[in-house]
Amino acid sequence: MADPRRNDDLLTTLAPWLRLLGQRQGRLLAGTALMALTLFSAVGLLALSGWFITASALTGLALAVGLAASLDVYVPGGGIRFFAVTRTVSRYLERLYNHDTVLRLLADLRSRLFGVLAGLDERTLSRRRASDWLHRLTADIDTLDSLYLRLLAPPAVAVLAVLGLGGFLALWSPAAGAAVIVLLGLALAWITLGQARLGMAISHRQVADLERLRGRLIEQVQGLAELEAYASLADHRRRLAAIEARIEDDQRRLGQRAALGNALVGVALGMTLVAVLWLAARAHDVGGLSGPLVVMMALAVLAMNEALAALPMAFTRLGATRAAAERLNRLEAARSPRLAAAGTLPPGPPAVSLEGVSLRYPGALAPALDRLDLALAPGERLAICGVSGAGKSSVAALLSGRLEATAGRVCLAGIEIGALSPDRLAERVAMLTQRVDLFDASLAANLRIAAPDAEEPRLREALEAVELGEWAEALPRGLETRVGEGGRQLSGGQARRLALARLWLRDPDLVILDELFAGLDAGTARRIAGRLDRWLVGRTVVYLVHQLGEGVDPPGIDRQLTL
């Protein structure tokens, strides 16, 4: 877990995300203005109502004792209605507008983070579980949404309100205006800086604990059968209970600190109210203030509770926002420098070469590859054989740019792969891995991942090439049939052939096929091999297989390399 006491500055940590918020500066300023208008209307409504009620009461008493008195009820009555309507309308618009803004900001944040995750290589991705990356994409981003709605706009509006109220009261009593600015200014400083300091370590730690809880919960659900089979479920639940107890304890502490902040808000408002009343009463005694104005000034101070009430909780949890930003910043720092590369491959099938390549995964006891040399001519087809763990998939990851070699050079067409643009590389290199990733969408949508503009006849042609044409035609909804989450509505062989059809829709120059016919019967494999052989003409091909001569071999192998 990151140490919340390290020396990196809070503003430095939040700076990348503040810059991202700045891209929607106009919307943020408009939303802040709506917040300020709502608060102004609330203060005006309470203050003017207090003045009007008091003035009406005093006028009535004067008339009751026979004194000549008059009161214009229309102007203050109209003002009260104006403030009431403005407060209602502006609050509705503020909530609607600012929540829409926050949703847009969340989309910006998630898009940026998804781009960061897509730029990570397999070595970095393998350091954490899939649930941890999901936590980054969801919980950490959700935590950052508090930057604008809780940590930036509300305190800015509160500062303006304190200064505005102080200046307003100073029109009748400069001392009262100064008291408001000093006392509420000090209170505002505490409930931002002080509360942040009180809750920083706890809320910072809570982010990591929540991630740990989510990861263990996902593990328990996914591995429930194994946990029960090995009688380990009770132990796993005890570990979950320990994490939950720690989170609950931290939540209680944060609640206590936030309650302290709320209590201090009440104390500060009370002290300010007493000070303003005392100063206003003194001014009243010397004839400088009327009774209704004294009441108006007091009620205006009480209305400031709306500006301050939400701040203690928000700043008590500032550590969570800081922790989320730190974790996401580390992700950005882990992005491969290849993202800035701009090189492209020359046309045609590329030559492939690995020169003294070594590869070691983080924490591995032995290197996956050790000083491997390999040369493949343009248009040649090579079968790389070896047992599980021999390094076949590592070679594929190096050739596709998903991994960077620990040592040595990986070149395509004589160009070191690190100098090639990832986008251009993805257009020229296609790979079928042992893992098939399908989305919970239609057959057509899954195929169009490879060719977004492909028309339906082209999609059917791709399915025919992998022996799925008749099957797709027989489905009630045809190409619009959904495949389920992860392709669960398909068999393993169907899912793999659908992935091969997706690759067939591309026009790559280097094709990497990992266990091409896994999960297919011999007859289907032979028919697909014939069609695939024709499609692979004019392309450089790397097959990854355990052993040749077992079942149906990939088509057109020129030579073999055993790892």
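No salt bridge links E464 with R531; every basic N to acidic carboxylate O contact stays at or beyond 4.0 Å. The pair R527-D521 fails the salt-bridge criterion, with no side-chain N (NZ, NE, NH1 or NH2) lying under 4.0 Å from an Asp/Glu carboxylate O. The pair D249-R253 meets the salt-bridge criterion, with a side-chain N (NZ, NE, NH1 or NH2) lying under 4.0 Å from an Asp/Glu carboxylate O.
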Please lay out, stage by stage, how L369 and S358 fare under the test side-chain contact (heavy atoms from CB on, under 4.5 Å).
CA-CA 5 Å; L369 297 171; S358 296; 5.7 Å; no

Applying salt bridge (charged side-chain N to carboxylate O under 4.0 Å, His left out), run through D209 and R212 and close with a yes or a no.
CA-CA 5 Å; D209 284 338; R212 195 173 295 114; 2.7 Å; yes

Verdict with reasoning, L21 to L152, per side-chain contact (heavy atoms from CB on, under 4.5 Å)
CA-CA 11 Å; L21 297 187; L152 294 179; 3.9 Å; yes

What's the verdict on side-chain contact (heavy atoms from CB on, under 4.5 Å) for T321 and L144, showing C-alpha distance, side-chain angles and the deciding distance?
CA-CA 6 Å; T321 302; L144 279 180; 3.9 Å; yes

So R424 and E427, salt bridge (charged side-chain N to carboxylate O under 4.0 Å, His left out) or not? Walk me through it.
CA-CA 5 Å; R424 302 288 80 79; E427 292 175 358; 2.7 Å; yes

I would like to know whether L412 and V429 meet side-chain contact (heavy atoms from CB on, under 4.5 Å); could you show each step before the answer?
CA-CA 10 Å; L412 298 182; V429 179; 4.1 Å; yes

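Between atom CG of residue D9 and atom CG of residue L14 there is a gap of 9.0 Å, rounded to the nearest 0.5 Å. Here the CG atom belonging to L254 is positioned 5.0 Å from the CD1 atom belonging to I202, to the nearest 0.5 angstrom. Separation of atoms CG (L109) and CG (L328) is listed at 8.5 Å; rounding is to 0.5 Å. Annotation: the span from T13 atom OG1 to L18 atom CG amounts to 10.5 Å, rounded to 0.5 Å. To the nearest 0.5 Å, the span separating CZ on R460 from CD on E456 amounts to 4.0 Å. To the nearest 0.5 Å, atoms CG (L103) and CG (N98) are separated by 11.0 Å.
L96 places none of its side-chain heavy atoms less than 4.5 Å from the side chain of D100. Considering only heavy atoms from C-beta on, R327 comes within 4.5 Å of V207 through its side chain. Using a 4.5 Å cut-off on side-chain heavy atoms (C-beta onward), M313 and R150 make no contact. Here the side chains of E244 and L213 are in contact, with some heavy-atom distance below 4.5 Å. Within the 4.5 Å cutoff, no side-chain heavy atoms of V541 are placed close to those of L376. The side-chain heavy atoms of V511 and L536, taken from C-beta on, include a pair separated by under 4.5 Å. Taking the side chain as every heavy atom from C-beta outward, I528 and V552 never approach each other to under 4.5 Å. Put simply, the side chain of P554 reaches to within 4.5 Å of the side chain of V545, judged on heavy atoms.
What you find for P349 and G538 is that their closest heavy atoms are CG-O, 3.5 Å. Taking each heavy atom of L438 and A495 in turn, the nearest pair found is CD1-CB, 3.9 Å. Closest approach of D533 and P555 over heavy atoms only: CB-CB, 3.7 Å. Residues P350 and T540 come closest through the heavy atom pair O-OG1, 2.8 Å. Residues A396 and L544 approach most closely at CB-CD1, 3.6 Å, considering heavy atoms. Between I415 and T344, the shortest heavy-atom contact is CD1-O, 3.5 Å.
In this structure, R381 forms no cation-pi arrangement with Y543, as its terminal cationic atom is not both closer than 6.0 Å to the ring centre and no more than 45° off the ring axis.
Looking only at distances, a side-chain donor or acceptor of N329 sits under 3.5 Å from a matching main-chain atom of A325. Side-chain atoms of R539 come within 3.5 Å of backbone atoms of P508 as a donor-acceptor pair (strictly under, hydrogens ignored). A donor-acceptor pair under 3.5 Å is absent between the side-chain atoms of D514 and the main chain of L432, judged by distance alone. In this structure, the side chain of Q494 engages the main chain of S491 through a donor-acceptor pair within 3.5 Å. For S146 (side chain) and T143 (main-chain N/O), a donor-acceptor pair under 3.5 Å exists by modelled atom type. Using modelled atom types, no side-chain atom of H204 and backbone atom of M200 make a donor-acceptor pair closer than 3.5 Å. Distance alone, capped at 3.5 Å, places no donor-acceptor pair between the T524 side chain and the L520 backbone.
Identified under the salt bridge (charged side-chain N to carboxylate O under 4.0 Å, His left out) test for residues 488-500, with sequence neighbours left out: none. For residues 226-238, the salt bridge (charged side-chain N to carboxylate O under 4.0 Å, His left out) pairs, not counting sequence neighbours, are D235-R238, D235-R239. Sequence neighbours left out, the pairs with a member in residues 351-362 that pass salt bridge (charged side-chain N to carboxylate O under 4.0 Å, His left out) are E355-R409.
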N/O donor-acceptor pairs under 3.5 Å from side chains in residues 439-452, not counting sequence neighbours:
residue : atom : partner : partner atom : Å
S442    : OG   : A445    : N            : 3.0
N446    : OD1  : F439    : N            : 2.8
N446    : ND2  : F439    : O            : 3.1
N446    : ND2  : S442    : O            : 2.9
R448    : NE   : A454    : O            : 3.0
R448    : NH2  : A454    : O            : 3.4

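Environment of CZ in R371: sparse, with no more than 12 heavy atoms of neighbouring residues, nucleotides or ligands closer than 6.0 Å. In the displayed structure, E485 atom CD is contacted under 6.0 Å by at most 12 heavy atoms of other residues, nucleotides or ligands.
D250 meets the side chain to side chain donor-acceptor pair (under 3.5 Å) test with R205; sequence neighbours excluded. With sequence neighbours left out, H546 forms a side-chain contact (heavy atoms from CB on, under 4.5 Å) with S388, K392, E515.
Applying side-chain contact (heavy atoms from CB on, under 4.5 Å) to S394 and the options L372, V357, L563, L359 leaves one that passes, L359.
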